[in-house]
Amino acid sequence: MTKETEQQKLDRLMREARELQEQTAAGQAEAAGAKKVGNIITDTKAVREAARNINSFARVCTKIGKSIYGAGKPVFDFAFKVGRGYMNLFNKICSKKDKETGEKKLIKWRAYAMSALSLFAVSGALPGPVGAPAREVIYTPIVDGIGMAVNFKSNETLYLTNAEEIGGEANEFGVRGCRTIDCAGTGVNFRVRQSFAHNIWAVLARGNPFYVSDVEVNEIAPGINRCEVTSYGFRGRLFQMLDMYPTLLTATCTPVSASFNTTAPRGEATTPAAAANINVSASARFTQ
């Protein structure tokens with residue numbers, strides 16, 4: 001048996017009330033009539049209580065909904081604008097106006113191509129290897145291009161001391177050095193990595209479309225190297241705390257002195273005098 005609705009319950013109560021009225025008028029079963037009156041009153045109170053609870057719950061839900069919408073309104077508005085902009089762009093690219101009728105017709109192959117490209121772009125938001133292709137092809141080049149446009153340094157003289165692979169299969173390198181030869185409080189750190197934007201830079205700057213990170217660090221020998229460095233990015237400590245380092249594009253280096261000091265702190269360059277002493281000591285050991 002299905003549960004009766006509130007309207008059905010009210011209809012039943014009204015019907016029973018009319019029946020009671022008829023029974024009372026006929027003088028039948030006063031006791032039964034009194035019992036039915038009591039039941040009607042009880043059921044009526046239950047209906048009213050249920051209605052009050054429903055109204056209270058509806059008011060709470062309305063207030064919560066308004067609060068959420070008010071807090072997230074800027075985000076919702078931005079999402080709506082992006083959605084409208086995408087649909088306008090989709091219609092503009094994927095539709096063509098018929099010269100005879102003047103009506104716009106959907107070009108299917110354009111619609112399929114744009115839909116596939118859109119899904120590929122959205123996949124970049126997925127973590128792990130699923131979104132890696134989209135990030136490498138779309139998002140990383142955009143970020144790198146903005147970095148080059150905002151803070152690009154060409155042929156900057158620096159003293160680089162070491163380059164080591166840190167990215168494994170990603171073929172990423174870390175480069176350490178200093179702004180001055182004595183390296184007194186002027187340390188710098190770079191990253192050298194593959195990027196589609198770097199290939200574009202290589203074409204524009206050198207006419208060579210192949211950018212290979214391990215080739216770019218070949219001239220940085222262990223020791224002190226006077227290098228003409230082309231790079232981009234910010235070097236503040238705040239960015240380093242966020243694990244964000246400037247990117248070295250290329251370096252043309254000339255060794256100043258070789259360093260055999262394997263106990264020096266990581267990232268610390270050796271002064272020319274110390275390097276000369278180390279070289280003499282090393283030569284003495286090798287000739288013995």
Side-chain angles (χ1 to χ4, degrees), residues 1-22 24 32-95 104 106 108 110-147 149-150 234 236-244:
M1 183 176 180
T2 58
K3 186 177 180 180
E4 62 181 350
T5 63
E6 301 297 336
Q7 184 61 40
Q8 291 173 339
K9 182 180 289 187
L10 289 173
D11 293 339
R12 177 176 59 79
L13 294 176
M14 294 298 297
R15 186 172 61 255
E16 291 178 353
R18 285 195 295 270
E19 292 176 357
L20 179 60
Q21 185 178 12
E22 293 174 356
T24 304
K35 184 177 180 181
K36 280 194 173 184
V37 170
N39 291 337
I40 291 173
I41 294 173
T42 302
D43 289 345
T44 303
K45 289 181 178 180
V47 171
R48 290 179 177 177
E49 184 66 23
R52 282 197 296 268
N53 292 335
I54 292 173
N55 291 334
S56 299
F57 181 73
R59 286 195 297 270
V60 171
C61 291
T62 302
K63 290 182 179 179
I64 293 175
K66 288 182 178 179
S67 300
I68 294 175
Y69 179 77
K73 189 176 183 301
V75 177
F76 297 146
D77 291 344
F78 177 75
F80 292 149
K81 288 181 180 179
V82 171
R84 286 195 298 267
Y86 176 81
M87 292 306 301
N88 292 335
L89 182 64
F90 185 90
N91 292 331
K92 186 176 182 179
I93 294 177
C94 302
S95 299
K104 284 189 175 182
L106 183 68
K108 291 184 178 181
R110 289 187 184 181
Y112 291 145
M114 188 167 181
S115 298
L117 182 61
S118 301
L119 290 175
F120 180 71
V122 171
S123 70
L126 300 176
V130 177
R135 288 193 293 270
E136 291 298 324
V137 174
I138 299 177
Y139 300 110
T140 301
I142 292 175
V143 173
D144 291 341
I146 294 174
V150 172
F234 299 97
R237 292 187 178 275
L238 173 62
F239 294 97
Q240 294 184 10
M241 290 175 59
L242 299 174
D243 200 26
M244 298 171 60

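Just so it is clear, the model here is predicted, and its values are computed rather than measured.
Residue K92 holds its NZ atom at 12.0 Å from CZ of R110, rounded to the nearest 0.5 Å. A distance of 8.5 Å separates CE in M244 from CZ in F234, rounded to the nearest 0.5 Å. Here the OH atom belonging to Y86 is positioned 2.5 Å from the OG atom belonging to S118, to the nearest 0.5 angstrom. Within the model, atoms CD1 of I93 and CE of M114 stand 4.0 Å from one another, a figure rounded to the nearest 0.5 Å.
The backbone N or O of L126 lies less than 3.5 Å from a partner atom in the side chain of R135, making a donor-acceptor pair.
The closest side-chain donor-acceptor pair between T62 and R59, if any, does not fall under 3.5 angstrom.
Shown here for F120 and A134, the closest heavy-atom pair between the two residues is O-CB, 3.1 Å. Nearest heavy-atom pair, L106 versus A111, reported as atom, atom and distance to 0.1 Å: CD1-CB, 4.1 Å.
Residues meeting the side-chain hydrogen bond (donor to acceptor under 3.5 Å, both in side chains) test with N88, sequence neighbours left out: none. For the side-chain hydrogen bond (donor to acceptor under 3.5 Å, both in side chains) test, no residue two or more places apart in sequence or in another chain qualifies with R84. S123 pairs by the side-chain hydrogen bond (donor to acceptor under 3.5 Å, both in side chains) definition with nothing, not counting sequence neighbours.
Dense packing is recorded around OH of Y139, with more than 12 heavy atoms of other residues, nucleotides or ligands lying under 6.0 Å away.
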